[in-house]
Amino acid sequence: MDEDVLTTLKILIIGESGVGKSSLLLRFTDDTFDPELAATIGVDFKVKTISVDGNKAKLAIWDTAGQERFRTLTPSYYRGAQGVILVYDVTRRDTFVKLDNWLNELETYCTRNDIVNMLVGNKIDKENREVDRNEGLKFARKHSMLFIEASAKTCDGVQCAFEELVEKIIQTPGLWESENQNKGVKLSHREEGQGGGACGGYCALL
Amino acid sequence: MAADSEPESEVFEITDFTTASEWERFISKVEEVLNDWKLIGTSLGKPLEKGIFTSGTWEEKSDGISFADFKFSVTHHYLVQESSDKEGKDDLLEDLALAVSPAALRLTLSCAAAAACCYSPELRYGLREFVVIAPAANSDAVLSESKCNLLLSSVSVALGNTGCQVPLFVQIHHKWRRMYVGECQGPGIRTDFEMVHLRKVPNQYTHLSGLLDIFKSKMGCPLTPLPPVSIAIRLTYVLQDWQQYFWPQQPPDIDALVGGEVGGLEFGKLPFGACEDPISELHLATTWPHLTEGIIVDNDVYSDLDPLQAPHWSVRVRKAENPQCLLGDFVSEFFKICRRKESTDEILGRSTFEEDGREITDITHALSKLTEPAPVPIHKLSVSNMVHTAKKKIQKHRGGEESPLNNDVLNTILLFLFPDASSEKPLDVTTSADNSNPPSESEEYNLFNQFKSAPSDSLTYKLALCLCMINFYHGGLKGVAHLWQEFVLEMRFRWENNFLIPGLASGAPDLRCCLLHQKLQMLNCCIERKKARDEGKKTSPSENVTSIYPGNAGKAGDQFGSDHLKDTDKEKGEVGKSWDSWSDSEEEFFECLSDTEELKGNGPESGKKGGPKEMANLKPEGRLFQHGNLTLLQNGEPLYVPVTQEPAPMTEDLLEEQSEVLAKLGTSAEGAHLRARMQSACLLSDMESFKAANPGCFLEDFVRWYSPRDYIEEEVIDEKGNVLLKGELSARMKIPSNMWVEAWETAKPIPARRQRRLFDDTREAEKVSYFLASLDFSLRFVSCLLEQPEVIVIGAGCGHAGRIIHKLFVNAQKLTESSDEAAALVPAEEEVKRMGTPEERRQNSASDFPPPAGRELILRATVPRPAPYSKALPQRMYSVLTKDDFRLAGAFSSDTSFF
């Protein structure tokens with residue numbers, strides 16, 4: 001099965017604590033829902049192979065803890081990620097408001113600028129919605145992200161979200177190929193990303 | 001003589017114009033050319049300087065003449081010196097000595113090995129000026145012996161007629177054989193230049209004794225015993241096509257090499273910041289410049305010539321055609337780095353070989369650390385040890401050479417880099433690292449300029465700037481190396497003496513910056529913590545509050561530090577007593593924390609089962625500040641945010657390492673559990689701190705601070721109609737024995753300062769220091785390799801570099817076994833095989849070097865020829881033996897007056 005895998009992609013799931021990051025991941029990888037999923041400590045890691053448009057991609061998905069205190073640990077996992085899923089809870093406005101912080105963090109720690117970001121509004125099965133779909137859409141458009149609303153509980157939108165993300169990554173030239181080729185030469189993509197960044201190597205050279 | 005010849009030839013031409021033979025006309029044309037070029041007459045040149053053969057400029061002028069319808073070109077080659085030189089006896093002597101210089105030999109070899117080189121005769125015979133008569137057309141050749149003799153006779157006559165003292169050569173045989181014979185006439189002296197060229201080395205002449213025999217028989221010296229023959233030998237070893245085995249992507253092999261004891265491989269790859277391996281060949285020349293017959297034995301069964309013992313080693317590289325970038329071009333390339341970064345990456349990536357020398361901390365270490373966070377063994381060296389070694393090394397290398405940077409420049413730079421050091425003397429600036437390792441330096445350049453930058457005005461930035469400036473203006477790469485060495489020393493000094501490194505943002509390493517910058521920041525973190533610890537120890541061992549880390553959670557920091565200080569001071573006395581009462585029985589629950597050292601003296605602390613009520617008796621410790629208006633659920637005391645341990649700062653390589661470990665745990669439930677457990681150290685530490693700061697607290701209290709969304713509050717209206725807030729843990733926190741609960745139960749009320757350190761600053765500092773130091777040592781001459789045609793290997797085979805080169809060869813031989821033709825005299829035909837076998841046998845018995853690709857010998861003697869009563873004249877024979885080329889070039893002089 002591994003032989004025909006086109007590439008391995010690193011995906012990161014971030015967002016405030018309790019928005020359902022781990023649940024989304026569990027739904028995607030194991031197609032189960034556990035209402036009593038323990039709060040993640042540090043980071044967790046899952047792997048799933050997915051087929052998009054006939055291309056098989058192996059996803060290494062890093063699930064992070066949302067607690068402020070853990071946040072000092074997680075930036076490392078941003079490195080080399082090709083896709084980031086930013087999750088908020090549609091029933092809790094504060095998790096939506098905090099999205100800006102997360103984007104800042106993303107910008108700070110991501111090592112490449114062409115990384116694909118996806119915004120996921122989770123828990124749409126709940127009735128006490130506080131964040132309108134349009135707000136999410138607006139936010140996503142403003143920050144050039146993919147957007148989808150989902151429910152890990154009812155399975156709505158979950159599969160679709162991951163597939164969409166992977167498809168987008170595969171369509172982005174240079175995002176995953178180099179990663180595949182340069183496996184083991186880790187400096188390479190780091191630097192590429194940085195070079196294109198706000199103040200990468202180029203500045204120093206001028 | 002010169003005066004006579006002109007009228008004579010005039011008369012000759014006039015009177016005998018029609019009957020003059022082609023030969024006579026040819027001679028006269030030669031004479032004419034010599035006259036035109038004013039090569040007539042005697043004048044002695046100045047003694048040649050050593051190395052002039054390679055450093056001097058050769059010029060030439062040509063003319064065409066013909067022998068019947070056979071066209072020749074006459075070319076005058078001469079070394080440009082201040083005064084024009086003429087050949088003479090003294091010159092010849094000079095040249096004989098000079099030609100032994102490795103540079104000359106080298107050129108000769110390269111001439112022999114490489115394509116056509118018009119300078120061959122001068123080097124083979126050791127001349128500085130000569131005239132060559134060669135067939136004009138490339139395809140033409142003077143083949144038959146009689147024709148050769150005819151030409152030589154012409155030369156002889158012409159020289160005799162004109163009194164020209166410049167040696168005159170005739171090229172014979174096919175051009176590619178570069179065969180020259182010639183003659184030189186001086187007053188009372190005649191020197192014959194003869195040459196033998198064979199494709200195969202005759203078996204009996206593969207070694208010194210055979211060649212000595214030829215030499216002696218050629219001299220035909222009538223004296224007995226013979227005056228001693230002085231000998232210079234140079235064996236050249238060529239390492240070729242190394243990219244074949246080092247360069248291509250073969251990760252498994254590379255891993256094996258990294259792990260294995262194979263050392264020295266990196267020599268070829270690491271130093272050159274080029275896209276492709278810019279070196280096509282490495283030539284090692286081992287030279288014995290002054291030997292006398294009888295000192296050594298070298299015959300077909302035994303050889304004293306162990307390259308490892310050669311007193312003089314030199315190395316040169318042959319660069320690939322147009323490699324995309326050479327270190328030598330580095331300065332100009334510096335600004336074009338963008339263009340070549342990918343390939344530099346590759347170099348860095350591939351260069352992860354390990355040096356197994358104990359003392360030689362090689363750049364590859366650094367590189368492998370940069371690129372492969374995977375296990376790089378950190379030698380158990382203490383920092384001070386390393387400093388010591390470094391200093392020793394420096395002293396060793398200092399030698400007689402001038403420090404590349406003078407102290408003024410250096411001091412200026414150091415002050416620029418470390419402005420805080422202006423009042424103190426930061427380190428012994430006297431140390432001067434002369435020829436250390438530029439290559440590492442340039443790699444470093446690349447690293448921090450191309451991958452990621454560092455904040456401007458940061459130390460890293462300044463360092464880069466300085467290095468760049470030095471590279472341009474103050475001593476080039478050597479200067480750079482010197483500065484680097486100073487820099488590393490300064491870093492160590494600062495670590496050992498708790499001086500923070502200036503010019504770096506405080507806090508954890510900034511992953512956006514280059515690795516070097518991160519490492520420096522890391523070092524600063526270590527220094528900071530060590531300093532805090534040391535100061536704490538000095539003031540009050542049990543109650544230091546210095547462990548408040550200002551950066552904590554980004555929001556702490558300002559208030560309450562002093563409050564809690566007072567608190568704890570007061571309560572100091574009681575603490576020990578009250579803790580004694582719960583004690584040993586709880587020890588089985590000490591699970592994650594096992595640092596007994598830290599606990600010593602404080603008594604065993606507990607609290608796992610010590611429910612809130614008992615804990616309330618504890619005196620609070622390690623409070624940072626009050627957390628809003630929150631109060632503890634049980635007793636209504638204000639909820640305090642504790643002083644916590646900072647999570648361990650990480651540089652990107654460490655992070656990479658860690659995430660690999662975590663990923664390896666897999667995706668199973670057990671893996672996930674294990675992963676969480678591995679990462680729970682920080683959580684546990686925070687819980688303990690929290691418990692210490694908030695005696696009588698519940699997990700609910702902790703969660704309200706730590707993960708507020710997991711505490712769900714609901715407004716409840718009680719029976720009296722009052723609105724009350726009722727809260728409870730979220731469902732997920734209530735899962736029995738989930739890790740949070742588990743950790744909470746395990747956690748004991750210990751303030752952060754008494755906990756086991758999450759971050760071992762000593763260890764990390766040593767790692768950083770090691771990292772820097774490993775960037776620091778070098779194959780120091782590598783830069784020189786690219787700048788100079790040839791570089792002397794200091795210490796020859798016994799020096800560092802020598803050892804590395806040696807390994808390189810040994811290794812190459814292992815790798816190639818028998819197939820590679822590059823380094824060995826490959827026996828293609830039987831005849832050669834016979835020759836090759838003893839050769840190899842001899843070599844193997846002596847060392848692990850492959851058979852030399854080239855052997856050059858110069859035999860010299862001063863003997864009277866042709867008769868015992870003749871003048872003693874210099875005799876010289878140069879011989880070169882390569883795989884498919886055997887040449888003897890003899891310059892034998894004889895007395896023309898007394899014979």
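Computation of the quantities below employed the complete heavy-atom set of this structure, encompassing side-chain atoms and omitting hydrogens, waters and symmetry-equivalent molecules. In what follows, every chain begins at residue 1, and chains take the letters A, B, ... in the order their sequences are listed.
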field: Heavy-atom pair with the smallest gap, counting every atom of B:Y706 and A:Q67
entry: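 Heavy atoms only, the tightest pair is O-CG, 3.5 Å.
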- request: Measure across B:I735 and A:A38 and return the closest heavy-atom pair with its distance rounded to 0.1 Å.
  value: CD1-N, 3.7 Å
Part of B:R709 within contact of chain A (heavy atom distance under 4.5 Å):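 It is both, since atoms from each part get that close.
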field: Interface moiety of B:M733 toward chain A, non-hydrogen atoms closer than 4.5 Å
entry: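 Side chain only.
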Under 4.5 Å from any heavy atom of chain B - which part of A:T29: neither
Decide if atom [atom1] of [X] counts as having more than 12 heavy atoms of other residues, nucleotides or ligands within a radius under 6.0 Å.
X: A:K10; atom1: NZ; result: yes
X: B:K734; atom1: NZ; result: yes
X: A:K168; atom1: NZ; result: no

message: Once ring pair (Phe, Tyr, Trp, His ring centres under 6.0 Å) is applied, what residue pairs with a partner in residues 30-49 of chain A remain, sequence neighbours excluded?
response: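 Counting only pairs at least two positions apart or across chains, the ring pair (Phe, Tyr, Trp, His ring centres under 6.0 Å) contacts touching residues 30-49 of chain A are A:F45-A:W62.
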- prompt: Would a distance-only check, ignoring hydrogens and angles, find a side-chain to backbone donor-acceptor pair under 3.5 Å from B:Q679 to A:V43?
  reply: yes
task: Pick whichever of B:L683, B:D710, B:D686 has the most heavy-atom pairs under 4.5 Å with chain A.
output: B:D686
field: Validation row: B:M739, A:I41 side chains within 4.5 angstrom (heavy atoms)
entry: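 Contact flag for B:M739/A:I41 side chains = yes.
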- request: Give me the contact list for residues 83-97 of chain A versus chain B, heavy atoms only, anything under 4.5 Å, ordered by residue number.
  value: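 So the qualifying residues are A:R92, A:D94, A:T95.
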query: How many angstroms lie between CD in A:E68 and OG in B:S707, if you round to the nearest 0.5 Å?
result: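 If we round to the nearest 0.5 Å, A:E68:CD and B:S707:OG are 11.0 Å apart.
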message: For A:L37 and B:R732: C-alpha separation, side-chain torsions, deciding distance, then whether side-chain contact (heavy atoms from CB on, under 4.5 Å) applies.
response: CA-CA 6 Å; A:L37 201 55; B:R732 63 177 183 177; 5.7 Å; no
